[in-house]
There are 2 protein chains.
Amino acid sequence: MPRKKKDVIDLSYSLSDIWRMLTDVEREKLRNNARVLQFRKNDLIYLEDEWPKDLMCLFKGKVKIYKSGVGGRSQIIRIVRPMQYFGYRAYFAREQYVTAASAFEACTVCMIPMELIEQFLRENGNLALFFIQMLSVDLGIADQRVVSLTQKHVRGRLAESLLFLKESYGLEEDGATINIYLAREDLANLSNMTTSNAIRTLSNFVNERIIAIDGRKIKIIDEERLHKVSRIG
Amino acid sequence: MPRKKKDVIDLSYSLSDIWRMLTDVEREKLRNNARVLQFRKNDLIYLEDEWPKDLMCLFKGKVKIYKSGVGGRSQIIRIVRPMQYFGYRAYFAREQYVTAASAFEACTVCMIPMELIEQFLRENGNLALFFIQMLSVDLGIADQRVVSLTQKHVRGRLAESLLFLKESYGLEEDGATINIYLAREDLANLSNMTTSNAIRTLSNFVNERIIAIDGRKIKIIDEERLHKVSRIG
DNA sequence: ATAGAACTATGTTCTAAAACACAAATATAG
DNA sequence: CTATATTTGTGTTTTAGAACATAGTTCTAT
């Protein structure tokens, strides 16, 4: 499904976070081993139970990391935006993937063999700290998420997701419409609720003039209120 | 509240995971900067919103890492057993703690300044990998936990917690009693349910001859069934 | 040793959210 | 450009689990 990218890509820019920590020798090795792949909307990037091989950096597009749970119900664990790294946790833990990743929309992803990354960071304290920091931030978010998803009510969880999507992917030119085209089901899977509940609650938000919807496009009318609902419910 | 430990402790044994990766110079620095503190039952070890200073290694006792959520309801995020490290995530993420830690029972904890650890691992690839691996494993557990806590029903969540406690702290000499003395409330906070539900469900398990209870002591009678309940509910 | 506090147990009521059902509106493939 | 599949929207029913109430029991601190 994925196809190789033919255009020349400037890795020093696209991988700048990592690039700037490397020596010339390391940069050359990286250039020789990095592959850039294209994925289409809904393509799978990796699967639960696969063995991790590559560090992935999202160059373009939007990716969801999710986990299938009880009775096929799926939970979106985190979403990836361009310039972010993913797919490396399982390798470091010496485990198979416990999550799967798929493309919300057409994506360009850079794949770098994890062996190479591990080799680099054994010698490169800054790079090691970079990964330690990413993992630490993500673990903090995961801890927070456990409490939000289990303790907040439907309204609070959905409001939190909308704000989270806005933070992650930003707004369109009108300064109000969240820049992602999501099915209600994905919104539900992100917020730990049924699709009906996502639809219903979204309608309620519209009636309360907190948001406006036009098909799958969601416009935030009253961000203040949305924050409040996210906190209080 | 915490008191300094007077007895001499063999750090090379108690911190062996880290110790064996260090040079002689590093070991000397570690010895000069490590402090060993005693905590009594229910003592707080660190608090939400505090700035992290030390890497902590639990030498003796049992610790819970928890987070207070909506309406003061508390969620136990993870539990710590002897020889495990904790308290370092927030430092690496350059954040205040998002969790708190307290002692289930009398504990001995070794505190090592995080500045020292960071300094070591910048130069020591193995030590860096050690932390990367711990964080990666914990992040995988957290991802798994989000799904368990949100999708499993009360019975499944409680069964999972009992098995988890058994894995973490082991069994007593009889080969059946879980080696921890927990209030029903803690069991509830671990399993994301109300105390009443923990009590009621525990009673049900007793009636079904899956476990036996004697006060706070829980004996696993039919581990097979417990696994099944954890999966199916 | 004993009073008071905290914990455990169990029954009852209430409610948020899931499950189900179906119609209408949109996407997508041929 | 249709035809079919998928997604969205709403009303209704059901249910798991929270909330509440109260009593008995076991800690724990003085």
Side-chain angles (χ1 to χ4, degrees), chain A residues 40-43 69-75 104-106 147-161 180-208 211-218 229 232-233, chain B residues 1 40-43 69-75 102-106 147-161 180-207 211-218 229 232-233:
Chain A
R40 282 164 314 176
K41 191 181 157 102
N42 295 323
D43 274 357
V70 180
R73 216 171 120 198
S74 150
Q75 173 68 50
F104 272 136
E105 55 182 55
V147 174
S148 286
L149 288 180
T150 56
Q151 298 194 2
K152 284 187 184 179
H153 284 190
V154 166
R155 287 169 58 85
R157 299 203 302 273
L158 186 65
E160 182 171 309
S161 291
I180 190 173
Y181 189 75
L182 266 194
R184 301 286 189 269
E185 189 182 0
D186 277 318
L187 206 48
N189 290 343
L190 187 63
S191 318
N192 177 38
M193 62 186 65
T194 54
T195 305
S196 326
N197 261 327
I199 291 168
R200 211 182 299 268
T201 309
L202 225 39
S203 300
N204 291 341
F205 287 176
V206 172
N207 291 334
E208 297 167 39
I211 61 170
I213 55 184
D214 174 16
R216 291 187 177 180
K217 282 296 179 183
I218 298 170
V229 172
I232 320 292
Chain B
M1 237 148 295
R40 282 164 314 175
K41 192 181 157 104
N42 296 323
D43 274 357
V70 181
R73 216 170 120 199
S74 150
Q75 172 68 50
S102 86
F104 272 137
E105 54 183 55
V147 174
S148 286
L149 288 180
T150 56
Q151 298 194 3
K152 284 187 183 179
H153 284 189
V154 164
R155 286 169 59 84
R157 299 203 302 271
L158 186 65
E160 180 172 309
S161 290
I180 189 173
Y181 189 74
L182 266 194
R184 301 287 188 267
E185 188 182 359
D186 277 318
L187 207 48
N189 291 343
L190 188 61
S191 317
N192 178 37
M193 62 186 66
T194 54
T195 306
S196 321
N197 262 327
I199 291 169
R200 211 183 301 268
T201 307
L202 226 39
S203 301
N204 292 340
F205 287 175
V206 172
N207 291 334
I211 62 170
I213 54 184
D214 174 17
R216 292 187 177 181
K217 281 296 177 183
I218 298 170
V229 172
I232 321 291

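All figures in this text were calculated on a predicted structure; none of them were measured in a lab. Proteins get letters first, then strands, A, B, ... in listed order; numbering begins at 1 in each.
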**Closest non-hydrogen atom pair between A/V154 and A/M193, with its separation** = O-CE, 3.4 Å

**Fill in**
To the nearest 0.5 Å, atom CZ of A/R216 lies from atom CG of A/L187 at 11.0 Å

**Prompt:** Separation of B/K217 atom NZ from C/dT8 atom P, in whole Å?
**Reply:** 13 Å

**Item:** Taking every non-hydrogen atom, the tightest pair across B/V229 and B/A159
**Value:** CG1-CB, 3.8 Å

**Asked** A/N204 CG to D/dG9 P: how many Å, rounded?
**Response** 12 Å

**Between C/dA21 (P) and A/I199 (CD1): distance, integer Å** = 17 Å

**Message:** Can you build the contact string for nucleotides 12-19 of chain C? Use B for base contact, S for sugar-phosphate-only contact, and - for no protein heavy atom under 4.0 Å.
**Reply:** B---SSSB

**Request:** Considering just the side-chain nitrogens and oxygens of B/S203, establish if one lies under 4.0 Å of OP1 or OP2 belonging to C/dT10.
**Result:** yes

**Complete:** Value for NZ (B/K217) from CG (B/L182), rounded to nearest 0.5 Å, stands at 9.5 Å

**Request:** Provide, to the nearest angstrom, the distance between the CG atom belonging to B/L187 and the P atom belonging to C/dC7.
**Result:** 14 Å

**End axis versus end axis in the helix from C/dA1-D/dT30 to C/dG30-D/dC1, the angle rounded to 10°, five pairs used at each terminus** = 70°

**Prompt:** Atom CG of B/N207 to atom C1' of C/dA9: distance rounded to whole Å?
**Reply:** 12 Å

**Asked** Could you give the CG-to-C1' distance, from B/D186 to C/dT8, as a whole number of Å?
**Response** 14 Å

**Prompt:** Quick one: does A/R157's side chain have a donor or acceptor within less than 3.5 Å of a partner on A/N192's backbone?
**Reply:** yes

**Request:** Taking all heavy atoms of B/Q75 and all of A/T150, pick out the closest pair and write down the distance.
**Result:** OE1-OG1, 4.3 Å

**Item:** Non-hydrogen atoms of B/S191 and B/L158 that approach each other most closely
**Value:** OG-CD1, 3.9 Å

Could you go over nucleotides 25-29 of chain D and give all protein N or O partners under 3.5 Å, atom names and distances?
unit_1: D/dC27; atom_1: OP1; unit_2: B/Y181; atom_2: OH; d: 3.4

**Asked** For the pair made of CD1 in B/I232 and C1' in D/dA16, what is the distance, rounded to whole Å?
**Response** 18 Å

**Asked** Which pair of heavy atoms, one from B/L190 and one from B/L149, lies closest together, and at what distance?
**Response** O-CD2, 4.1 Å

**Message:** Checking the side chain of B/Q151 only, and the main-chain atoms of A/V70 only, is there a donor and an acceptor separated by less than 3.5 Å?
**Reply:** yes

**Message:** Rounding to an integer number of Å, can you tell me how far A/D214 CG sits from D/dG9 P?
**Reply:** 11 Å

**Request:** Output yes when a side-chain donor or acceptor of B/E105 lies under 3.5 Å from a complementary backbone atom of B/K41, and no otherwise.
**Result:** no

**Request:** Flag yes if more than 12 heavy atoms outside A/E185 fall under 6.0 Å of its CD atom; otherwise flag no.
**Result:** no

